[in-house]
Amino acid sequence: MTAPVRTRFAPSPTGPLHIGGARTALFVWAYARHHGGQFILRIEDTDPERSERRWEDEILDGFRWLGIDWDEGPDVGGPFGPYRQSERAAMHLGVAAQLRRAGWAYPCFCTRERLDAVREQQQARRETARYDGLCRDLDDETVKRRIDAGETFVLRFRVPEGSTTFQDQIRGRVTFEHAEVDDWVMVRGDGAPTYNLVCVCDDSAMQISHVIRGEEHLVNTPKQILLYQALGEPIPSFAHVPLMLAVGGKKMSKRDGDTALADYRRKGYPVEAVINFLALQGWALDGETEVFSRQQLVEHFDVGVVSKSGSVFDLQKLSWLSEQYVRTESPGQVLDHGLPYLESAGLANAAAVAADRAWFERATETARERITTYSDLPDQLAYLFAADDAVEYDEKALAAATKQGTVHLAAWHAWARERLVEPIDAAALGAATKDWIGESGIKLPQLFQPLRCVLSGKPGGPDLFEIVALLGAARTTARIESGLARLTAAAEPS
RNA sequence: GGCCCCGUCGUCUAGUCAGGCCUAGGACACCAGGUUUUCAUCCUGGUAACAGGGGUUCAAAUCCCCUCGGGGUCACCA
């Protein structure tokens, strides 16, 4: 019987969740779910200076949105809690004390100034910068005397001679010479434990079987393995997923655009598209299938086949995926998702939509093929809410309309007047109009371009008779009448 | 700079571990057609890559070495 798979994602609540972090979390989660194991959320708030509770809340909220659920975490607790590292400090310090008694850790009295000087010299000599070991072999007597004298000190881990090799699930065999590994600080001068200590303590205590994390942690791995060995604890399996890169190939930073998961949520990307996209950055279902669900991801996911190289954030692919998902939704679903954007654009609110649900759904349906994200909805529908005598005419629409003149539009309007009564049957009106055009001996654009301009002010868009039906008889008539005057005025040389 | 990791179309990738099925497949983007009252959707087709150089082998995108390029990391941050 093999040990259960237990994975964790351990964000530090010092800012919004990075989109790359979200992808790492997705992989970590998918791995656990694929193997029927547990996924644990742990908050790495060991930096009191920068950690804030509001970031923790936002990060958890982001995961809820993504549908990444956790079995144990700061909000739901669990058998290995607490799940905030700041609340586990006593345990961490206990381990540090144990390590010190066993000779694995030693106090170091070096000042930052001295450390900085040492580092500078090493860099000048083009060597690996690391602690030079001045306090490594201080005798007990000296240590006691200096501590009693009130000197502050940190606790360093005593890295032994040799090398550490481990099997990374993504990268294969990786070796680090210990000569390159620093005698790193486990406990700070103020008595607070540091990352590598708490990470190993907690992963060990929480019985994490697979440590899956970002590539930036690769160099920490030998330090952590050494610590597991010093503690006599089983070493988990490691996998380091590559970074998400900005277009230039560098690590994504603020100036490269939206780096936070929340940015994409705010912009109205369907959550399924975000999940699908994130999964595609570094992983492929079968090399052919591009659009797949969260369930399919879980079913097929394996961390071992995740790409070794970093992937450039492909916004165009995200947009395409977004469109794919939007189009699979019913008009009602798109409307519900787009409502917040309609509201902030001042076009409609929940009450208005509820009062005229069928109309709003019909309007949304005409826009569904033309939007990338939910936030694009207001732009597509705005013309429907304009004042009938002040529809904004797009330059291209106006040019096309004036080119055709107003004669045919006026003639059609005279013909259509008796048909513009509720309820309007868009399909029937369209068919009848085409017959009328045939009988009139004119071309379609001669009517349609001016009509489209006066009704929507746009050069393109949904079926004209859908627009007529949406506007209704009275507003259609009003737009044509004021439009006729406006087009005539526009055509006159000034 | 030291150490570690990586290098297939512009981008995301399949293929690499188990060399031949690869005149390198798919997708986004782009270009050209078609459908359409317009825009969009949709359909069809096209351009486009094994970083470079040496080996090993009957055979290399796949194995080995070197070079070049990119990234990560070098904190009393995580």
Side-chain angles (χ1 to χ4, degrees), chain A residues 10-12 14 44-47 49-51 85 108 110 112 115-116 119 122-130 152-156 168 170-172 174-177 179-182 184-196 198-199 214-222 240 242-243 245 247-251 277 280-291 304-305 307-321 323 327 366-371 380 396-397 400 430 433-434 437 443-445 447-449 451-452 456 458-465:
Chain A
S12 63
T14 55
E44 309 233 321
D45 57 347
T46 52
D47 183 349
E49 301 281 300
R50 299 191 301 146
S51 296
Q85 289 187 318
C108 167
C110 294
R112 293 184 198 241
L115 262 17
D116 289 343
R119 188 159 37 239
Q122 288 168 335
Q123 278 171 352
R125 269 182 270 127
R126 300 186 162 181
E127 290 172 0
T128 298
R130 61 183 183 278
T152 60
F153 63 95
V154 301
L155 220 50
R156 286 184 186 275
D168 187 284
I170 294 174
R171 277 146 224 289
V174 180
T175 298
F176 286 89
E177 295 296 328
E180 304 293 339
V181 181
D182 212 5
W184 51 281
V185 173
M186 289 188 347
V187 180
R188 291 187 259 256
D190 65 0
T194 64
Y195 168 72
N196 282 117
V198 299
C199 181
E215 190 182 359
E216 69 269 25
H217 287 291
L218 193 57
V219 293
N220 284 321
T221 309
H240 291 91
L243 266 23
L245 276 19
V247 173
K250 306 274 184 194
K251 204 170 172 177
F277 171 72
L280 242 20
Q281 297 269 306
W283 184 77
L285 194 148
D286 57 10
E288 300 277 317
T289 310
E290 306 284 336
V291 180
V305 299
S307 165
K308 292 182 180 68
S309 53
S311 46
V312 173
F313 189 93
D314 190 353
L315 187 62
Q316 286 183 317
K317 189 116 177 198
L318 205 211
S319 294
W320 176 78
L321 276 168
E323 289 162 4
R327 279 161 209 156
T366 67
R368 189 178 45 184
E369 308 290 290
R370 273 166 267 268
I371 60 174
Q380 288 295 325
K396 273 189 193 159
T433 296
K434 280 175 190 168
I437 288 171
K443 305 276 190 203
L444 290 175
L447 169 64
F448 285 162
Q449 288 183 344
L451 182 56
R452 182 173 291 284
S456 73
K458 295 184 176 183
D463 176 76
L464 273 171
F465 304 97

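Numbered from 1 within each chain, the chains take letters A, B, ... in sequence-line order. Note that the structure is predicted; figures quoted are calculated from it, not measured.
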Base, sugar-phosphate, or nothing for [X], non-hydrogen atoms under 4.0 angstrom?
X        : result
A:Asp182 : nothing
A:Leu444 : sugar-phosphate
A:Arg452 : base
A:Val154 : base
A:Asp314 : base
A:His217 : base
A:Leu243 : sugar-phosphate
A:Gly282 : sugar-phosphate
A:Tyr195 : base
A:Thr433 : nothing

Rounded to whole angstroms, how far apart are [atom1] on [X] and [atom2] on [N]?
X        : N      : atom1 : atom2 : result
A:Leu321 : B:rC12 : CG    : P     : 15 Å
A:Glu180 : B:rG72 : CD    : P     : 19 Å
A:Gln380 : B:rU38 : CD    : P     : 17 Å
A:Leu280 : B:rC12 : CG    : C1'   : 6 Å
A:Leu115 : B:rC74 : CG    : P     : 15 Å
A:Arg327 : B:rA40 : CZ    : C1'   : 8 Å
A:Arg125 : B:rC3  : CZ    : C1'   : 17 Å
A:Leu218 : B:rG72 : CG    : P     : 13 Å

Are [X] and [N] close enough that a side-chain N or O sits under 4.0 Å from OP1 or OP2?
X        : N      : answer
A:Arg119 : B:rA75 : yes
A:Thr46  : B:rA78 : yes
A:Ser311 : B:rU13 : yes

Same-atom distance ([atom1]) from [N] to [M], integer angstrom:
N      : M      : atom1 : value
B:rC50 : B:rA61 : C1'   : 4 Å
B:rG20 : B:rG45 : P     : 29 Å
B:rG72 : B:rG33 : C1'   : 47 Å
B:rG7  : B:rU47 : P     : 27 Å
B:rG15 : B:rG25 : C1'   : 8 Å
B:rU13 : B:rU38 : P     : 39 Å
B:rG26 : B:rA49 : P     : 14 Å
B:rA14 : B:rC3  : C1'   : 33 Å

Main chain of [Y], side chain of [X]: is a donor-acceptor contact present, judged purely on distance under 3.5 Å?
X        : Y        : result
A:Asp168 : A:Val174 : no
A:Thr289 : A:Leu285 : no
A:Thr221 : A:Leu218 : yes
A:Asp45  : A:Gln85  : yes

Side chain of [X] - closest among [options]:
X        : options                : answer
A:Arg156 : B:rC42, B:rG7, B:rC76  : B:rC76
A:Arg126 : B:rU13, B:rG1, B:rG2   : B:rG1
A:Phe176 : B:rC28, B:rC4, B:rU41  : B:rC4
A:Lys317 : B:rA27, B:rU73, B:rC3  : B:rA27
A:Glu44  : B:rA40, B:rA27, B:rA78 : B:rA78
A:Asp47  : B:rG2, B:rU11, B:rA78  : B:rA78
A:Ala129 : B:rU73, B:rC74, B:rC5  : B:rC74
A:Trp320 : B:rG72, B:rA29, B:rC76 : B:rA29
A:Glu369 : B:rC76, B:rG72, B:rU41 : B:rU41

Enclosure of A:Arg126 CZ (heavy-atom neighbours >12, cutoff 6.0 Å): no

A side-chain contact here means heavy atoms from C-beta on lying under 4.5 Å apart; do A:Val187 and A:Val154 qualify? no

Tell me if the side-chain of A:Arg370 makes a donor-acceptor pair with the base of B:rC39, cut-off 3.5 Å, by modelled atom types. yes

With distance as the sole criterion, do the side chain of A:Glu290 and the base of B:rG26 form a donor-acceptor contact below 3.5 Å? yes

Using Watson-Crick or G-U wobble geometry with both distances under 3.5 Å, which nucleotide pairs with [N]?
N      : value
B:rG7  : B:rC68
B:rC22 : none
B:rC30 : B:rG46
B:rU38 : none
B:rA14 : none
B:rC76 : none

Between the side chains of A:Gln122 and A:Glu127, is a donor N or O closer than 3.5 angstrom to an acceptor N or O? no

Per nearest nucleotide of RNA chain B, the residue lying toward the 5' end, A:Leu464 or A:Val174, is A:Val174

Exercise: identify the closest heavy-atom pair between A:Ala129 and A:Gln123: CB-NE2, 4.2 Å

Report the C-alpha distance between A:Arg156 and A:Met186 in whole Å, list the side-chain angles of each, state the deciding distance to 0.1 Å, and finish with yes or no for side-chain contact (heavy atoms from CB on, under 4.5 Å). CA-CA 5 Å; A:Arg156 286 184 186 275; A:Met186 289 188 347; over 6 Å; no

